[in-house]
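Here the structure comes first, spelled out in structure tokens, and everything after it is commentary.
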Amino acid sequence: MYRAPRGTSDILPREQGYWSYIRQKAAAICELYSYQRIDTPTFEDAGLFVRSIGEETDIVEKEMYTLEDRSGDKLTLRPEGTASVCRAYVEHGMHTLPQPVRLYYDAAIFRYERPQAGRYREHHQFGVEALGEIDPALDAEIIDIAWQFYVNLGLDGLILNLNSIGCNVCRPAYLDTLRGYYAQHLSMLCPDCQRRLARNPLRLLDCKKASCIPLADQAPRSTDYLCGECADHFDQLERYLALLNLPFIVNHRLVRGLDYYTKTVFEIAPEGEVVAQATIGAGGRYDNLIEQLGGKPTPAIGFATGIERLVLNLKKQKRAVPEPVSPSVFIAYLGQDAKEEAIKLVSLLRRSGLSVILACGDRSLKAQLKQANSTGARQAVIIGEDEIKRGTVVLRDMDKGEQQTIQLGEVVKVLSRS
RNA sequence: GUGGGCGUAGCCUAGCGGUUAAGGCGCCAGGUUGUGGCCCUGGAGAUCGAGGGUUCGAAUCCCUCCGCUCACCCCA
């Protein structure tokens, strides 16, 4: 028997309420903030992701679904959304549009990882990107969209973590300082952190091992090493977030796993959750990425949120989502003549805008009404041999259990009224 | 990649060495010559994840593999 591949899942009809609810809220907030939808290909040139995410990251080193097509091109199923949007920005000359360009996407994301709660090999992200402007007011706008989106979904108890990891000017010196600090405490570090020290010292800051946390708390803070421009940017952002009444907390241990981030980074997670995969949304500024991909130097900032994790949290917080709509009419028939009349009637009713289910399989009336009941239809139309002779139908109210006989020609009119 | 837990009908669960593997939900049919929801009766549906071993005898014990799941690394 075939099964859905590991780490993928079928989103069954009973789950779809959560998905349509989330997507509808996403589209609504994007309209409100004037972000326009963009869809990019499911796969891209492998090099796009290697260049943007970074050679040394876990995503590139071990998590990409890369394949060679028949022409020998190396293609990768997108492991995140930002790189593709930047590629499209450059490819279509969006720098000629009024800046910033505000875009959003809602796409499947693929990473080869061991699945666990809230982590899948195929998952979906809703993301927004604002490209072509460095004003910290835009950072605030992106964070505001994210926060208001969660508010609109009805999620409570979220924490907004904020940090600045500097830019090409100030980060190298900070990293040196950080390496120097940790080198003094080498023996106290967990094996993972000893390994991380050489490759990516920022990562030591968010180690969750009890033994490493005190060291990380005492570690030099990136915000103390920012250059004038970055420090100024961060100050202004904090001021704007305060103006927006967004309850952020500056978290010096917040770093991100992708190389392209500069200055602002942020994460939103449910309160009290310590595991990394509790994060429901995250983002940051990436002022060098577009230039790195062959465009002109172009600052930009974005945010993405995992839809599966939102569904998980909506369920955990017992948020009600819209129920699937029931058909308004179910049509039952008895005998071939009645079946043919029913087929014509169904068509008439649907053209007048009513959602209708027609019984099928020539089953007993009892079985047909039982099915009518389980579909949740409010009205049942019953057509039998007697009704055919008289040119009538029986109209049964499924809630009240009352029924009446009406002329066949009246059915559309009567049902359209109810 | 590493470690823990778990695999019995579509779903949930019982059985944990001894006859034809049990129950609930759901599905189908009957109880009403053309009438749903409640109730009653019946039916279909499981090579007990796969393979190997121990045993007179294995869903049950052991081994291997596969799958699911949770955690670590890392990420939404």
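Proteins come first, then strands; the chains are lettered A, B, ... in the order of their sequence lines, and each starts at number 1.
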Mark yes when over 12 heavy atoms from residues, nucleotides or ligands other than A/K370 sit less than 6.0 Å from its NZ; otherwise mark no. no

Are more than 12 heavy atoms from other residues, nucleotides or ligands located less than 6.0 Å from atom CD of A/Q36? no

Taken to the nearest whole Å, CZ/A/R14 to C1'/B/G26 is 12 Å

Check whether A/R309 reaches the backbone of A/G118 with its side chain - one donor and one acceptor, N or O, closer than 3.5 Å. yes

Check this for me: A/F43, atom CZ, are more than 12 non-hydrogen atoms of other residues, nucleotides or ligands nearer than 6.0 Å? no

Under the 3.5 Å rule, do the base of B/G36 and the side chain of A/R396 count as making a donor-acceptor pair? yes

Under 4.0 Å, heavy atoms only, any strand: does A/R114 hit a base, just the sugar-phosphate, or nothing? base

To the side chain of A/R6, which of B/C28, B/C68, B/A76 is closest? B/C68

Under 4.0 Å, counting only non-hydrogen atoms across every strand here, what does A/N200 touch: a base, just sugar-phosphate, or nothing? nothing

Quick one: pull up NZ in A/K318 and CG in A/N313 and give me the separation to the nearest 0.5 Å. 12.5 Å

Could you check whether A/G118 gets within reach of a base, just the sugar-phosphate, or nothing at all, counting any heavy atom under 4.0 Å? base

Among the nucleotides B/U35, B/G67, B/U69, whichever has the atom closest to the side chain of A/L369 is B/U35

In this structure, how many angstroms lie between the C1' atom of B/C28 and the NZ atom of A/K370, rounded? 8 Å

Evaluate whether atom CZ of A/R378 has more than 12 neighbouring non-hydrogen atoms of other residues, nucleotides or ligands under 6.0 angstrom away. no

Can you tell me how far CD1 of A/I29 sits from CZ of A/F126, rounded to the nearest 0.5 angstrom? 7.5 Å

Hey, does the side-chain of A/Q403 have a donor or acceptor N/O within less than 3.5 Å of a partner on the base of B/U35? yes

In whole Å, what is the span from the CZ atom of A/R119 to the C1' atom of B/A71? 10 Å

For A/Y104 and A/Y35, what are the C-alpha separation, side-chain angles and deciding distance, and is it a ring pair (Phe, Tyr, Trp, His ring centres under 6.0 Å)? CA-CA 6 Å; A/Y104 82 92; A/Y35 282 65; 8.1 Å; no

Base-paired stretches in RNA chain B with three or more consecutive Watson-Crick or G-U pairs, both distances under 3.5 Å, amount to B:1-7 with B:66-72, B:10-13 with B:22-25, B:27-31 with B:39-43, B:49-53 with B:61-65

Residues of residues 34-66 of chain A with a heavy atom under 4.0 Å from any atom of RNA chain B, listed by number, are A/D58, A/K62, A/E63

